[in-house]
Number of protein chains: 2
Amino acid sequence: MPELNGEEQQKTRWLDQLKAHGYRMTRPRQAVVEAILGDPTHWRPEQVFERARRTYPNLGLVTVYRTLELLQKLGLIRRVHMERGCRSYTLASQEHSHQLICRDCGRVEEFSECDLLETVERLAKRTGYSIEAHWLELLGRCPACLVAG
Amino acid sequence: MPELNGEEQQKTRWLDQLKAHGYRMTRPRQAVVEAILGDPTHWRPEQVFERARRTYPNLGLVTVYRTLELLQKLGLIRRVHMERGCRSYTLASQEHSHQLICRDCGRVEEFSECDLLETVERLAKRTGYSIEAHWLELLGRCPACLVAG
DNA sequence: ACTCTTACTGATAAATATTTTCAATAAAGG
DNA sequence: CCTTTATTGAAAATATTTATCAGTAAGAGT
């Protein structure tokens with residue numbers, strides 16, 4: 001079962017990340033991590049809460065908010081802006097990557113290429129702005145949902 | 001005063017748009033339109049509410065929500081996702097344009113160029129997704145704020 | 001193992017933000 | 001001036017997020 005193994009490994013890596021940054025490795029945090037690792041879609045705090053509670057019923061919603069924010073600060077997950085609310089998160093394996101999101105099932109593909117350099121330079125020149133960051137999201141349908149009609 | 005004139009003209013155009021799409025041209029809607037036209041930044045419903053009330057004190061907050069949504073549907077304004085909340089709107093003079101936003105003062109420059117075609121095609125091929133839309137936002141500092149330090 | 005420090009937690013409350021409901025109102029066409 | 005009906009504002013209901021705080025439990029030191 002290479003899948004499961006990979007997930008276990010990833011979990012260990014994440015929790016090590018926490019420790020490496022001086023954070024404690026607590027049961028609640030583990031529960032949250034377990035709830036989201038391996039999920040290829042994006043999730044709102046409330047959903048994560050519900051799922052993580054199955055592992056650790058004593059979990060509080062506030063902790064979910066705090067943990068998600070923490071994981072985001074560590075670059076392990078990333079916020080995704082959706083029509084309905086912009087506090088959805090998704091896994092982020094690499095720094096500086098973007099998301100391609102399926103509108104039907106919510107599945108997210110991560111990618112890092114984006115040819116914006118030229119545009120950015122031209123715009124900076126034209127407007128006089130200093131452009132410090134960009135935020136890109138692609139929306140569409142994943143293969144599975146395309147087949148499903 | 002070409003500025004003011006332009007704004008008046010634009011207001012008329014907007015209200016005509018409403019009528020053209022079968023919507024009524026009401027006092028509350030006029031107040032909302034007046035509150036946002038000519039503002040080069042982005043605004044949250046609450047802010048629009050506050051400002052529009054100066055013109056039309058009887059205005060209700062709900063109407064602001066509804067009107068902003070309506071104007072967005074007509075393509076006259078566009079949502080902008082910010083760290084703090086994603087229900088900010090900004091003027092959108094053209095279809096299919098993007099925003100360059102100043103992090104300090106909130107000023108927004110609209111632009112339509114973006115060289116994503118190649119990236120999008122490559123990604124579509126690689127992932128099997130059908131990519132239907134993209135969502136791009138640039139963040140930086142406007143000339144004025146750069147000078148101000 | 002045991003102790004100590006203090007980061008972390010959950011419950012509660014509070015603050016925000018958004019949507020729904022509904023009777024009253026006022027556009028706009030006739 | 002009527003009539004129709006989209007639109008409105010108030011209030012209530014939901015939903016979402018943040019702040020507070022006393023109790024708890026990681027994890028370092030022993």
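Sequence lines set the chain letters: A, B, ... in the order given, protein chains first and strands last, and positions in each chain run from 1.
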Enquirer: Specify the separation, in whole Å, of atom CZ of B:F49 and atom C1' of C:dA17.
Expert: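 The distance from CZ of B:F49 to C1' of C:dA17 comes to 14 Å, rounded to the nearest Å.
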Enquirer: Are A:T119 and A:R122 close enough, and set up right, to give a side-chain contact (heavy atoms from CB on, under 4.5 Å), and what steps lead you there?
Expert: CA-CA 5 Å; A:T119 305; A:R122 203 171 19 203; 3.7 Å; yes
Enquirer: Do A:E83 and B:R79 sit within salt-bridge range, that is, some charged N less than 4.0 Å from a carboxylate O?
Expert: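 Looking at B:R79 together with A:E83, the answer is yes, because their closest N to O distance falls below 4.0 Å.
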Enquirer: May I have the distance from A:H21 (atom NE2) to C:dA7 (atom C1'), rounded to whole angstrom?
Expert: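 Interatomic distance, NE2 of A:H21 to C1' of C:dA7: 17 Å.
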Enquirer: Which whole-number value in Å describes the distance from B:R44 CZ to C:dT16 P?
Expert: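 Value for this atom pair: 12 Å.
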Enquirer: Might you point out which heavy atoms bring B:I36 and B:I77 nearest each other, and give the distance in Å?
Expert: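 What the structure gives for the nearest pair is CD1-CG2, 4.1 Å.
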Enquirer: Please report, rounded to the nearest Å, how far the C1' atom of C:dA7 is from the CG atom of A:L70.
Expert: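 The answer, rounded to whole Å, is 12 Å.
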Enquirer: Rounding to a whole Å, what distance do you find between B:Y65:OH and C:dT20:P?
Expert: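 Whole-Å distance recorded here is 13 Å.
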Enquirer: What is the distance, rounded to the nearest whole Å, between atom CZ of B:R27 and atom P of D:dT8?
Expert: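 In whole Å, D:dT8 P lies 12 Å from B:R27 CZ.
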Enquirer: Return the polar atom pairs (N/O with N/O) between nucleotides 28-30 of chain C and the protein under 3.5 Å, or none.
Expert:
{"from": "C:dA28", "atom 1": "OP1", "to": "B:M25", "atom 2": "N", "distance (Å)": "2.7"}

Enquirer: Give every donor-acceptor pair under 3.5 Å between a side-chain atom in residues 136-146 of chain B and any protein atom, sequence neighbours left out.
Expert:
{"from": "B:E137", "atom 1": "OE1", "to": "B:H81", "atom 2": "N", "distance (Å)": "3.1"}
{"from": "B:R141", "atom 1": "NE", "to": "A:E132", "atom 2": "OE2", "distance (Å)": "3.1"}
{"from": "B:R141", "atom 1": "NH1", "to": "B:D104", "atom 2": "OD1", "distance (Å)": "2.3"}
{"from": "B:R141", "atom 1": "NH1", "to": "B:D104", "atom 2": "OD2", "distance (Å)": "3.3"}

Enquirer: Looking for any heavy atom pair under 4.0 Å, which part of the strands does A:R84 touch: base, sugar-phosphate only, or nothing?
Expert: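 If one applies the 4.0 Å heavy-atom cut-off, A:R84 turns out to touch the sugar-phosphate alone, with no base involved.
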Enquirer: Report yes if a side-chain nitrogen or oxygen of A:R29 is closer than 4.0 Å to either non-bridging phosphate oxygen (OP1 or OP2) of C:dT9; otherwise report no.
Expert: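 Looking at the OP1 and OP2 atoms of C:dT9, one of them is under 4.0 Å from a side-chain N or O of A:R29.
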Enquirer: Tabulate below the donor-acceptor pairs under 3.5 Å that side-chain atoms of residues 23-35 of chain B make, not counting sequence neighbours, or state none.
Expert:
{"from": "B:T26", "atom 1": "OG1", "to": "B:R29", "atom 2": "N", "distance (Å)": "3.3"}
{"from": "B:R29", "atom 1": "NH1", "to": "B:R24", "atom 2": "O", "distance (Å)": "2.9"}
{"from": "B:E34", "atom 1": "OE2", "to": "B:K11", "atom 2": "NZ", "distance (Å)": "2.5"}

Enquirer: Between A:E110 (side chain) and A:S97 (backbone), is there a donor-acceptor pair under 3.5 Å?
Expert: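 Here the side-chain-to-backbone pair does not exist.
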Enquirer: For A:L61 and C:dA13, give me the distance from atom CG to atom C1', rounded to whole Å.
Expert: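 About 14 Å, once rounded to whole Å.
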Enquirer: With a cut-off of less than 4.0 Å, is there a side-chain N or O of A:R87 near OP1 or OP2 of D:dT16?
Expert: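 Result: no.
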Enquirer: CG of A:N58 versus P of C:dT9: gap in Å, rounded?
Expert: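 Value for this atom pair: 12 Å.
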Enquirer: Quick check: on DNA chain D, is the nucleotide nearest B:P28 upstream (toward 5') of the one nearest B:V62, or the reverse? Name the residue that is more 5'.
Expert: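 The residue whose closest nucleotide sits nearer the 5' end is B:P28.
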Enquirer: Pick the nucleotide of DNA chain C nearest each of B:E69 and A:Y56; which residue has the one closer to the 5' end?
Expert: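 Looking at the nearest nucleotide for each, A:Y56 comes out on the 5' side.
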Enquirer: To the nearest 0.5 Å, what is the distance between CD (A:E121) and CG (A:L116)?
Expert: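 Atom-to-atom, A:E121:CD and A:L116:CG are 11.5 Å apart.
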